[in-house]
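Every chain is numbered from 1, with letters handed out A, B, ... down the list of sequences.
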Number of protein chains: 2
Amino acid sequence: MIAKQVLEERLELFLRKAREANIRVTPQRLAIYRVVAASEDHPGVEEIHKKLHRNFPTLSLDTVYRTLRLLEDLGFVNAVGPRRETLRYDANTKRHHHFTCLRCGLIRDFEDARLSALKIPAQTRVLGQPQDLRVEVLGVCNACLKKNPKKK
Amino acid sequence: MIAKQVLEERLELFLRKAREANIRVTPQRLAIYRVVAASEDHPGVEEIHKKLHRNFPTLSLDTVYRTLRLLEDLGFVNAVGPRRETLRYDANTKRHHHFTCLRCGLIRDFEDARLSALKIPAQTRVLGQPQDLRVEVLGVCNACLKKNPKKK
DNA sequence: TCCTAAATAGTAATGATTACCAAGTAGGAA
DNA sequence: TTCCTACTTGGTAATCATTACTATTTAGGA
Ligand SMILES: [Mn+2]
Ligand SMILES: [Mn+2]
Ligand SMILES: [Zn+2]
Ligand SMILES: [Zn+2]
């Protein structure tokens, strides 16, 4: 779980920006955003839907999909996760980096001062107008190593 | 198009490694790998299939999918491309980096000495056994800027 | 409280990817 | 060369994540 204060800040920002964008803040939207904003492990659609079932027994899967697409378009979340796997979401839109397990799909944030300080390389200006830089480290997580240490 | 010599090297390596791995080098497999290895723009499955239709009129889409998955498992290609879009493939398995257009999905390689020299951050060892590091720059490509410069 | 555009729930449709299987083929043994 | 067998392919069906549709409900302002 994320620090309570970080969550509060995210929710506050969400409410403010959502009103500015003339988006209705429905209970469903707020709840869906809250799950992503409170999570540390980049949850997927089914997972979010399941987690909300207790409080919203009639919440439709389509609403979860629609809402997450909306949140993405508005810049509140980013879609992450390896190709070939289902969509996962990240409410941390500040520059940070990911460790992704090639076996089980686990995604964890990590911080690194040198990476965070990286300037966007000048070469990319030849290709267009760069906006963001992301670093991803691929590997095998501890849990998967424990299960099967040898397999390369 | 890639430099002819680079292509030759890739094909040679492919033939050698494929035999080592006891994989039959069928005309279809070689042709599919050749298209990816010769391309600079990270082609998708349909594109590869279409390009081969002249020489392999009966080549099935499933064979293209199956072969690319095989090539990926064997480490000859990587699956790339933004979430939400179809699979694209990259035969360059050396460390290099991508500029991706958020509007049209264009993916171009770029080199950067500082990025290539990056060591994998030590923090990631807490999470598991890191193997690879990738950098992706997101932005808007020149063609898209020309079409609609203002839209942010 | 009332009104209306916007949002939701439930379900159907879509489309990329994967699975299946009969027929074909590569490559080794005799 | 011929034969054998396991592997591969083509054609097509199935799957499954995601998106579209529509009648009904609701947020939010007058
Ligand atoms: Mn993250
Ligand atoms: Mn590349
Ligand atoms: Zn793992
Ligand atoms: Zn573009």
Open item on the list: Does Arg66(A) reach a base, just sugar-phosphate, or nothing at all? Heavy atoms under 4.0 Å.
Closed with: base
Task: Ile120(B) reachable from Leu138(A) in the ILVMFWY side-chain graph, under 4.5 Å edges - done: no
Task: Whole angstrom value for the distance that separates C1' of dA17(D) from NZ of Lys50(A) - done: 14 Å
Task: Residue-phosphate contact under 4.0 Å: Ser60(A) side-chain N/O, dA9(C) OP1/OP2 - done: yes
Task: Side-chain donor-acceptor contact under 3.5 Å, His98(A) with Asp109(A) - done: yes
Open item on the list: Could you tell me how far apart Phe56(A) (CZ) and dA7(C) (P) are, to the nearest whole angstrom?
Closed with: 16 Å
- [ ] Could you tell me the separation between the CG atom of Leu68(B) and the P atom of dT8(D), rounded to a whole number of Å?
- [x] 15 Å
TODO: Answer with yes or no whether the hydrophobic clustering places Leu118(A) together with Phe110(A); edges join I, L, V, M, F, W, Y residues whose side-chain heavy atoms lie under 4.5 Å apart.
DONE: yes
Task: Interatomic distance where CG belongs to Leu87(B) and P belongs to dG15(C) [whole Å] - done: 17 Å
Open item on the list: If the cut-off is 4.0 Å, is Arg84(B) near the phosphate of dA16(C), judged by side-chain N/O to OP1 or OP2?
Closed with: no
Open item on the list: Under 4.0 Å between a side-chain nitrogen and a carboxylate oxygen: does that hold for Asp132(A) and Arg134(A)?
Closed with: yes
Open item on the list: By nearest heavy atom, map Leu61(B) and Pro57(A) onto DNA chain C; which one lands nearer the 5' end?
Closed with: Pro57(A)
Task: Test item: His49(A) side-chain N/O and Glu47(A) main-chain N/O as donor-acceptor pair under 3.5 Å - done: no
Side-chain donor-acceptor contacts of residues 5-26 of chain B below 3.5 Å, not counting sequence neighbours, with atom names and distances?
residue	atom	partner	partner atom	Å
Arg10(B)	NH1	Ala37(B)	O	2.9
Thr26(B)	OG1	Arg29(B)	N	3.2

- [ ] State whether Thr63(B) places a side-chain N or O below 4.0 Å from either non-bridging phosphate oxygen (OP1 or OP2) of dG10(D).
- [x] yes
Open item on the list: Output the rounded distance in Å from NE2 (His49(A)) to P (dT18(D)).
Closed with: 14 Å
Task: Phosphate-side-chain proximity, Tyr65(B) and dT17(C), N/O vs OP1/OP2 below 4.0 Å - done: yes
Open item on the list: If I take atom CG in residue Leu71(B) and atom P in nucleotide dT8(D), what distance separates them, rounded to the nearest angstrom?
Closed with: 12 Å
Open item on the list: Return a single string for nucleotides 25-30 of chain D, one symbol per nucleotide in 5' to 3' order, where B is base contact, S is sugar-phosphate-only contact and - is none, cutoff 4.0 angstrom on heavy atoms.
Closed with: -BBS--
TODO: Tell whether Asp62(A) reaches the base of dC21(D) with its side chain through a donor-acceptor pair below 3.5 angstrom.
DONE: yes
- [ ] Rounded off to whole Å, could you give me the CZ-to-C1' distance for the Arg69(B) and dT17(C) pair?
- [x] 8 Å
Open item on the list: Could you tell me how far apart Asn22(A) (CG) and dA7(C) (C1') are, to the nearest whole angstrom?
Closed with: 15 Å
Open item on the list: Is it the case that the side chain of Arg95(A) and the backbone of Ser116(A) share a donor-acceptor pair, with hydrogens and angles ignored and the cut-off at 3.5 Å?
Closed with: yes
Task: Thr58(A) or Glu85(B), whichever maps to the more 5' nucleotide of DNA chain C - done: Thr58(A)
- [ ] When you get a sec, tell me which of dA9(C), dT19(D), dA7(C) is the closest nucleotide to the side chain of Leu59(A)?
- [x] dA9(C)
